[in-house]
Amino acid sequence: MTRRPIIAGNWKMNLTVTEGLALARGVRDRCARFRGVDVVVGPAAMALHPIIERLADSPIGVAAQNCHWADKGAFTGELSPVQLAEVGCTHVIIGHSERRTLFGETDENVGKKARSLHDHGLIPIVCIGETLAEREAGTTLAVVTRQLDAAIALLDGDELSRTVLAYEPVWAIGTGKTATPEQAQDVHAAIRARLAEKAGAEATEAVRIQYGGSVKPTNIRALMAQPDIDGALVGGASLDSDSFARIVSFEEDVDR
Ligand code: 13P
């Protein structure tokens, strides 16, 4: 089965609304023509609505960077899947390592968020990945498997096949140190093997697994050439529409 690539930009807490709108316009102008790839941008929460309006006439998806699992309630400062669906978000990034390490995100909560997102027609982009200490201790696969199992525990096979996974080794995020394509492929293959134990062959084959961690125009092609790498979750290089477009156009842009 050929899986349709999905390239997403995680803008993190980087841009004002004005800057985000300008970047969204640049992404639309440069990326909307690449019809063979799902393109998603992930602005800060207050920029979601205006950016969704700006991108309304394009195939580009818009992701929130986090959510709560409840529909509504006394959760000061949180955003619910209901609220995100109403403004037109298509995806929500959950379990990002920055949320896990800086804001106490747990494996169990990631599972509840994935469940709730599917209840409201939103696609989770579930981030999993080991720290440098975990890699050096030889526990990469144990960590990633534990995170994966919890994230998908409440999903059926159909929901799982629509879920996007993002393998982001924490030591590669924002460091300029990309995992080698082979290192990434090893973990992606292990993730897919674990999916095969947990879900049917159909879902296992369908799930798209992005790689994230210092993805750039210069390394995207080698990463995408790996059989189990189906896209990228891009941080720093997604903040410039030109470099993001060069990543999105990895199949065409041979001159880099
Ligand atoms: P960088 O691409 O800046 O390393 O960030 C990766 C990331 O965390 C995407 O979610």
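Both ligands and their constituent atoms are indexed starting at 1 by order of listing.
For the residue pair Glu130 / Tyr167, a side-chain donor-acceptor distance below 3.5 Å is found, with atom types taken as modelled.
Ligand 1 places these atoms under 4.0 Å from at least one heavy atom of Leu233: 9 (C), 10 (O). The contact set between ligand 1 and Ser214, taken as ligand atoms under 4.0 Å from a residue heavy atom, comprises 1 (P), 2 (O), 4 (O).
The salt bridge (charged side-chain N to carboxylate O under 4.0 Å, His left out) contacts involving residues 4-16 comprise Arg4-Asp38, Lys12-Glu98, where partners must be two or more places apart or lie in separate chains.
Taking a cutoff of 4.0 Å between a charged side-chain nitrogen and a carboxylate oxygen, Arg115 and Asp119 qualify as a salt bridge. Ion pairing of Arg221 with Glu251 is absent here, as no side-chain N (NZ or NE/NH1/NH2) approaches a carboxylate O to less than 4.0 Å. Salt-bridge check for Asp242 with Arg246: failed, with every basic side-chain N at 4.0 Å or more from each acidic carboxylate O.
Residue Thr175 places no N or O, backbone or side chain, under 3.5 Å from any N or O of ligand 1. Residue contacts with ligand 1: Gly236 is placed with a nitrogen or oxygen under 3.5 Å of a nitrogen or oxygen of the ligand (distance criterion only). For Glu98, no nitrogen or oxygen atom sits less than 3.5 Å from a nitrogen or oxygen atom of ligand 1, counting backbone and side chain alike. The distance criterion of under 3.5 Å between nitrogen or oxygen atoms is not met by Gly212 with respect to ligand 1.
Judged by the shortest distance from any of its heavy atoms, Ala237 lies outside the 4.0 Å radius around the atoms of ligand 1. Contact annotation: Gly174 has at least one heavy atom less than 4.0 Å from an atom of ligand 1.
Residue contacts with ligand 1, taken as heavy atom pairs separated by less than 4.0 Å, involve Asn10 solely via side-chain atoms from C-beta onward. Only backbone heavy atoms of Ala172 (N, CA, C or O) come within less than 4.0 Å of ligand 1; its side chain stays farther off.
At a threshold of 4.5 Å between non-hydrogen side-chain atoms, the residues Leu165 and Leu195 count as touching.
The protein heavy atom nearest to atom 2 (O) of ligand 1 is Gly235 N, 2.9 Å.
Across Lys177, Gln65, Lys216, Glu168, heavy-atom proximity to atom 7 (C) of ligand 1 is greatest for Glu168.
For the side chain to side chain contact (heavy atoms under 4.5 Å, CB included) test, residues two or more places apart in sequence or in another chain that qualify with Val17 are Leu21, Met46, Ala47, Pro50.
Using a 4.5 Å cut-off between side-chain heavy atoms of Ile, Leu, Val, Met, Phe, Trp and Tyr, with links allowed through other members, Ile229 and Val234 fall into the same hydrophobic cluster.
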